[in-house]
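Quick notes on the structure that follows.
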Number of protein chains: 2
Amino acid sequence: MVRPNAGTKGVPRLDRETQILDIASEQFGTQGFSATSVAAIADKAGISKPLIYNYFGSKEGLYEACLDRGGALLADEIERIARGDAVGIERGMATLAGMFTLLEPQPYLWRLFFDATAPSTGPIADSIALYAERIGKLADEGVTELMGLAGNADPLDISAMTAVWLGIVDSLMNWWMEHPDESADQMMQRCLRLLTALFGGDAE
Amino acid sequence: MVRPNAGTKGVPRLDRETQILDIASEQFGTQGFSATSVAAIADKAGISKPLIYNYFGSKEGLYEACLDRGGALLADEIERIARGDAVGIERGMATLAGMFTLLEPQPYLWRLFFDATAPSTGPIADSIALYAERIGKLADEGVTELMGLAGNADPLDISAMTAVWLGIVDSLMNWWMEHPDESADQMMQRCLRLLTALFGGDAE
DNA sequence: TCGTGGTAACTTACCCAAAAGTCATATAAG
DNA sequence: CTTATATGACTTTTGGGTAAGTTACCACGA
C-alpha cells in the first residue's frame with residue numbers, strides 16, 4: 001500500500017520530542033489537560049498521533065514530560081532567587097521579576113501546575129505534587145519570613161497567606177496571557193506601580 | 001419487561017430540581033465543567049441520567065441553571081455591599097466579609113464563574129459573561145477608587161489590579177474549600193490578620 | 001369502594017461522536 | 001539490509017444524549 005507521507009523526515013528523536021513538548025506545553029497550559037487532545041497536538045506539530053504515543057506512551061505520559069521540563073525550570077529559578085538576600089515584600093518582588101523574565105516567551109507554563117482538569121491521582125498528580133511542593137515550600141518560606149516580621153507565626157495564617165500569594169502570581173500570569181504584547185519588564189514595572197498604589201509610597 | 005426501580009418516587013419536580021442543582025453546583029464548582037459528567041451527578045443524586053435531561057435539557061442547560069441560581073446570589077450581595085460607603089481597602093474587606101458569610105455553606109459556588117473549562121461560546125458563555133461582568137464591574141469600580149486614592153488612573157494598571165483582586169478572592173475560596181472547618185467569621189478574622197501583617201498596622 | 005384513565009416521575013437500554021490508544025506497514029538513511 | 005522515524009486505518013473507551021417504556025399517584029364517576 002502506498003503511504004505518501006510515511007518514512008522518516010530526518011528529524012532526530014530528541015529534536016522531535018522537544019518540538020512536541022513545546023507544542024504540548026502550550027496547549028495544556030492554555031486549554032487545560034482535559035480540553036487538549038493528542039490529535040490536535042499532532043496536527044500542530046505536523047506529525048501523526050502514533051508518533052507521539054511512540055515517544056511518550058500516553059497522554060498522561062506526555063503531560064508528565066511537560067511537567068518535568070517546566071517544573072525544573074520554574075523551581076530552579078525560584079530556588080535561585082530564594083538563595084538571594086531579599087526578604088519580605090522585596091523577596092516577593094524579586095521572585096516575580098524572575099518569573100516574568102523566565103516566562104516571557106511562555107507564561108502558560110505556570111498553569112501546568114495549577115490545572116484543575118489534570119488527573120488528581122496517579123503519576124501526574126504525584127509529579128504535580130512534587131513541583132507544587134518544591135515551589136510551595138519556597139513560597140511558604142518567604143511568607144513565613146514576611147509574617148514573622150509582623151509578629152505572626154500562626155501556621156494556618158501562613159498557609160492562607162501562601163495560597164493568596166500563589167493566587168496573585170497565578171492571576172498575574174493569566175492577565176499576562178491575555179495581554180501578550182506586554183514585555184516582562186513592563187509587567188514588572190506595572191507590579192511595582194500596583195504595589196506603590198497599595199502602600200501609598202515605595203515599599204523599601 | 002420488569003424494571004424494578006422505575007416509577008415515581010414521589011419527589012415533586014421542584015424539590016428534585018433543587019436537589020440536582022445543589023449536587024451539580026458542587027460538582028461543577030469543585031471539578032470544573034468539563035471534568036464533571038452528568039452520569040456522576042445522577043449517581044450522587046440517586047437518580048438516572050435521563051431525569052436530569054428531562055428537567056434541564058442538556059449538560060449546558062444544567063450548568064446554566066446553576067449559574068443563574070448562584071450568580072444572582074453572588075451579584076446581589078456584592079451590589080448590596082457596593083452601595084455601602086466603604087472605600088478602598090475597606091470596601092474590599094467588606095466585600096470579602098459578605099462573600100464569606102454568603103458562601104459559608106458552599107465556597108465552591110464562586111468557582112462557577114471562573115471556570116476555564118466551561119464553553120467559551122453559546123448561552124453558557126453569555127450567562128457567565130453576564131454575571132462576571134456584573135461582578136467584575138463592581139470589582140473594577142472598587143479598584144478604580146482605590147487606585148484613584150493613590151493617584152493612579154492607568155486603565156491597564158486598573159485592569160491588572162482587578163485581576164489580582166479577583167485572584168485573591170479566588171485563592172481564599174479555594175483555601176477555604178480545603179479547610180472546611182473554618183467558619184465565615186474565622187475566615188474574616190484571618191484575612192484581617194493577613195492585612196495587618198502586610199501593612200504593619202491596622203488599615204484604617 | 002372500586003375500577004379506570006390521565007399525568008407526573010422515573011428507568012433501562014440503547015445510539016453516536018469524539019478522543020484515547022494500537023497494529024501493521026512503509027520509507028529514508030547509514 | 002537493518003534500524004529509526006514515521007504513518008493510515010483500525011479498535012476501544014468515554015460521555016453526552018435519546019427512545020420507549022414502566023410505575024405511582026390522583027381525580028372522578030358508578
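Labels below follow one simple rule: chain letters A, B, ... track the order of the sequence lines, proteins then strands, and each chain is numbered from 1. This is a predicted model, so every value here is computed, not measured.
Within 4.0 Å of B/S34, counting heavy atoms only, lies no atom of the nucleic acid at all.
Listed nucleotides: C/dC10, D/dA6, D/dG17. Nearest to the side chain of B/N54: C/dC10. Checked against D/dG8, D/dA19, C/dA19, the side chain of A/S37 finds its nearest nucleotide in C/dA19. Taking only side-chain atoms of B/P50, from C-beta outward, the nucleotide of D/dA19, C/dA20, D/dG17 with the closest atom is D/dA19. The side chain of A/K9 approaches D/dA6 more closely than any other nucleotide in the set C/dA20, C/dC10, D/dA6.
To the nearest angstrom, P of C/dA19 lies 12 Å from CD of A/Q31. Going from atom CD1 of B/I47 over to atom C1' of D/dT23 covers 16 Å, rounded to whole Å. Nucleotide C/dA20 holds its C1' atom 17 Å from the OH atom of A/Y63, rounded to whole Å. Across the protein-nucleic acid pair, A/Y53 atom OH and D/dT13 atom C1' stand 12 Å apart, rounded to whole Å. One atom, CZ of A/F33, and another, P of D/dT14, lie 14 Å apart when rounded to the nearest Å. One atom, CZ of A/F56, and another, P of D/dT5, lie 12 Å apart when rounded to the nearest Å. Atoms CG (B/D43) and P (D/dG15) sit 12 Å apart, rounded to a whole Å. Between the CG atom of B/L62 and the C1' atom of D/dG16 there is a distance of 12 Å, rounded to whole Å.
Applying the salt bridge (charged side-chain N to carboxylate O under 4.0 Å, His left out) criterion to B/R190, with sequence neighbours excluded, gives A/D154, A/D157, B/E182. Every residue was checked against the salt bridge (charged side-chain N to carboxylate O under 4.0 Å, His left out) condition with B/D68, not counting sequence neighbours, and none meets it. Not counting sequence neighbours, the partners of A/W175 by the ring pair (Phe, Tyr, Trp, His ring centres under 6.0 Å) test are A/H179.
Salt bridge A/K44/A/D22: absent, no basic N to carboxylate O contact under 4.0 Å. In summary, A/D43 and A/K49 do not engage in a salt bridge, as defined by a charged side-chain N under 4.0 Å from a carboxylate O. Between B/K137 and B/E141 there is no salt bridge, since none of the side-chain N atoms of the basic residue sits less than 4.0 Å from a carboxylate O of the acidic one. The existence of a salt bridge linking A/E79 and A/R134 is confirmed by a sub-4.0 Å separation between a basic side-chain nitrogen and an acidic carboxylate oxygen.
Two residues are said to be in side-chain contact when any heavy atoms from C-beta on lie closer than 4.5 Å; B/F28 and B/Y108 fail this criterion. Between B/M187 and B/E104, the closest side-chain pair of non-hydrogen atoms is not below 4.5 Å. Between B/R91 and B/E145, the closest side-chain pair of non-hydrogen atoms falls below 4.5 Å.
Only at 4.0 angstrom or more do the heavy atoms of residues 14-25 of chain B sit from any atom of DNA chain D, so none qualifies. Scanning residues 120-129 of chain B for heavy-atom distances under 4.0 Å to DNA chain D yields an empty list.
Below the 3.5 angstrom threshold, one finds no donor paired with an acceptor across the side chain of B/K59 and the base of D/dG17.
Between the side chains of A/S183 and A/D185, not a single donor N or O lies within less than 3.5 Å of an accepting N or O.
Atom CG of B/L74 sits about 5.5 Å away from atom CG of B/L103, to the nearest 0.5 Å.
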Restricting to nitrogen or oxygen on both sides, can you table the protein-nucleotides 6-8 of chain C pairs closer than 3.5 Å?
none

